[in-house]
Amino acid sequence: MIYFDCAASHAPFPEALSLHNEAAASLFGNANSTHGFGFSMRKKLEEARKDILRALGVEKTHDLLFTSGATESNNLAIHGVVESYANRGKKILYSSVEHPSVSRPFEALAKEGFEVIKLPVNKEGYVEPKTLEEAVDKDVILVSIMGVNNETGTIFPIEEYQKILSAYPKAIFHSDMTQGIGKVDFPFSKIDLISFSGHKIGGLKGTGSLIFKKTLRLSPRFQGGDQEGGIRPGTVNVPGALSLAYAVKRSCEERQENYKKESALRDYLAQKLSSIEEVSINSPEGASPYVLNFSLAHHKASVIVEGLSEKEIYVSSFSACNSKGEPVSDVLLAMGRTPKEAGNAIRVSMPLKTTHEEIDAFVEELQNLLKKLKTI
């Protein structure tokens with residue numbers, strides 16, 4: 001098997017999986033129980049919370065909620081802010097290339113009477129700082145712009161956004177960092193709210209976090225107990241939290257070395273793909289090396305992905321969270337690509353253990369399919 005779909009879900013670190021399984025067997029109680037066993041679990045939970053905050057360099061300024069993943073974290077962040085700060089204003093901004101777990105909550109808020117503004121991106125796929133500067137004003141209460149795009153790997157100039165927003169103290173800055181945590185260096189301490197999932201970085205599915213500045217008030221989306229500050233009530237998944245903390249710490253510690261390794265792999269793949277006449281690369285220069293997106297001029301991406309899958313080579317034709325039917329990438333359309341280019345895009349996201357031989361095998365099979373299948 002050649003698995004090149006890590007942006008959808010990465011294999012868990014064996015150590016993270018072992019840590020989770022051991023904790024699930026031994027720490028099976030409830031961390032909110034008032035007896036000694038519950039207290040010992042609570043202590044482990046708080047250690048995991050501190051480990052993540054420390055790994056990201058925000059232990060003094062931010063707090064953390066354990067969640068089921070970035071979708072829940074994004075919803076908690078967006079709705080939590082607007083419900084708490086609606087008295088300040090009704091204007092909210094987000095980029096046109098956000099993950100559905102960000103864009104759809106904003107679309108729902110538009111129906112509730114909020115003034116929702118979608119910020120356009122340039123041909124490289126990011127919101128230019130000038131665009132944000134022209135859109136923000138004293139009535140804006142929330143701005144949500146991702147750190148790394150999940151389809152193209154485009155890296156956003158987060159620090160420049162923060163400098164602009166510092167002149168607007170009412171505007172709270174949220175960033176979906178699902179493809180950025182442990183992979184790309186960002187000024188996390190300057191972001192008000194940070195969302196991410198564990199299964200993109202060697203953690204387990206069903207784990208994630210929402211990190212937020214201690215000065216913020218967040219309204220809960222659910223009513224129940226007082227777990228996680230009452231913002232995310234429900235019995236906390238302690239084994240999941242421990243495995244998540246391990247994955248975050250390890251990814252952050254190895255970030256620079258891994259970035260170099262992944263860059264070398266991405267460059268080798270891009271060179272190979274460039275030899276195929278009908279391939280055009282969509283990922284811009286300077287994008288995260290963990291994602292490479294390209295379009296086919298004469299073949300349906302969905303058919304090619306299916307053909308590769310039959311050979312046990314796994315890539316994506318679209319984001320796994322929005323890939324039903326014959327998809328067209330809204331991200332690529334927003335970048336100015338044609339509907340045909342946006343409909344025939346393939347995303348490759350390779351694990352660090354990938355070899356040149358595996359890349360060669362993928363490219364060779366891709367070429368074979370392009371020759372074999374009829375054009376559109």
Side-chain angles (χ1 to χ4, degrees), residues 1-18 20 69-70 99 148-153 178-184 196-208 243-244 246-247 250-251 254-255 257-273 276 279 281-283 287-296 301-324 327 329 345-370:
M1 180 179 79
I2 297 177
Y3 182 77
F4 285 175
D5 199 20
C6 292
S9 190
H10 196 286
F13 291 128
E15 297 86 350
L17 185 59
S18 295
H20 174 275
H99 186 273
V148 177
N149 187 263
N150 55 299
E151 291 188 34
T152 64
T178 303
Q179 301 292 342
I181 292 285
K183 298 177 181 178
V184 180
F196 69 98
S197 289
H199 69 106
K200 312 288 187 177
I201 54 169
L204 276 68
K205 297 178 184 67
T207 66
S243 64
L244 178 65
Y246 175 87
R250 177 169 169 177
S251 295
E254 299 175 354
R255 180 184 57 77
E257 180 183 353
N258 289 345
Y259 197 94
K260 291 179 181 178
K261 290 179 180 178
E262 196 73 23
S263 294
L265 291 171
R266 187 271 317 274
D267 291 346
Y268 183 77
L269 172 60
Q271 182 183 15
K272 288 284 185 177
L273 289 173
I276 303 175
V279 166
I281 304 293
N282 295 312
S283 296
S288 167
Y290 291 90
V291 178
L292 181 64
N293 188 296
F294 64 93
S295 289
L296 301 171
S302 57
V303 175
I304 297 300
V305 170
E306 183 179 351
L308 290 169
S309 180
E310 291 175 357
K311 299 293 184 178
E312 294 190 316
I313 300 174
Y314 303 113
V315 297
S316 291
S317 61
F318 207 60
S319 169
C321 293
N322 195 10
S323 58
K324 303 300 182 183
S329 170
I346 291 176
R347 180 184 68 181
V348 178
S349 42
M350 301 175 287
L352 285 166
K353 64 180 182 179
T354 298
T355 64
H356 284 191
E357 288 73 21
E358 287 174 318
I359 293 174
D360 291 342
F362 159 65
V363 174
E364 181 180 359
E365 192 56 45
L366 173 62
Q367 290 175 309
N368 290 339
L369 284 169
L370 294 177

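Numbers here are sequence positions counted from 1.
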Asn149 vs Val291, side chain to side chain contact (heavy atoms under 4.5 Å, CB included): CA-CA, chis, key distance, verdict: CA-CA 9 Å; Asn149 187 263; Val291 178; over 6 Å; no
Ser263 side chain vs Tyr259 backbone, donor-acceptor pair below 3.5 Å: yes
Whether Thr178 side chain and Ala70 backbone form a donor-acceptor pair below 3.5 Å: no
Qualifying residues under salt bridge (Lys or Arg N to Asp or Glu O under 4.0 Å), relative to Glu357, sequence neighbours excluded: none
From [X] atom [atom1] to [Y] atom [atom2], the distance as rounded to the nearest 0.5 Å:
X	Y	atom1	atom2	answer
Ser302	Ile346	OG	CD1	9.0 Å
His10	Asp5	NE2	CG	11.5 Å
Leu273	Leu366	CG	CG	7.0 Å
His356	Tyr268	NE2	OH	6.0 Å
Ile313	Glu358	CD1	CD	9.5 Å
Ile359	Met350	CD1	CE	4.5 Å

At their closest point, which heavy atom of [X] faces which heavy atom of [Y], and how far apart are they?
X	Y	answer
Gly198	Leu244	CA-CD1, 3.4 Å
Val315	Leu308	CG2-CD1, 3.8 Å
Ala16	Gly202	CB-O, 3.6 Å
Ser349	Ala7	OG-N, 2.9 Å
Asn282	Phe294	ND2-C, 3.4 Å
Lys200	Ala8	NZ-O, 2.8 Å

Side-chain contact, heavy-atom cut-off 4.5 Å: [X] with [Y]?
X	Y	result
Tyr290	Val184	no
Leu269	Phe362	yes
Ile2	Glu365	no
Arg347	Asn150	yes

Check: Thr152/Asn293 side-chain N/O donor and acceptor closer than 3.5 Å: no
Any donor-acceptor N or O pair under 3.5 Å, side chains Gln179, Ser288: no
Test: Lys183 and Glu262 ion pair at under 4.0 Å: no
Glu254 CD: over 12 foreign heavy atoms closer than 6.0 Å: yes
Option from Lys260, Lys261, Arg255 for which salt bridge (Lys or Arg N to Asp or Glu O under 4.0 Å) with Glu257 holds: Lys261
Parallel, tilted or perpendicular, as decided by the 30° and 60° cut-offs, for the rings of Tyr3 and Tyr314: tilted
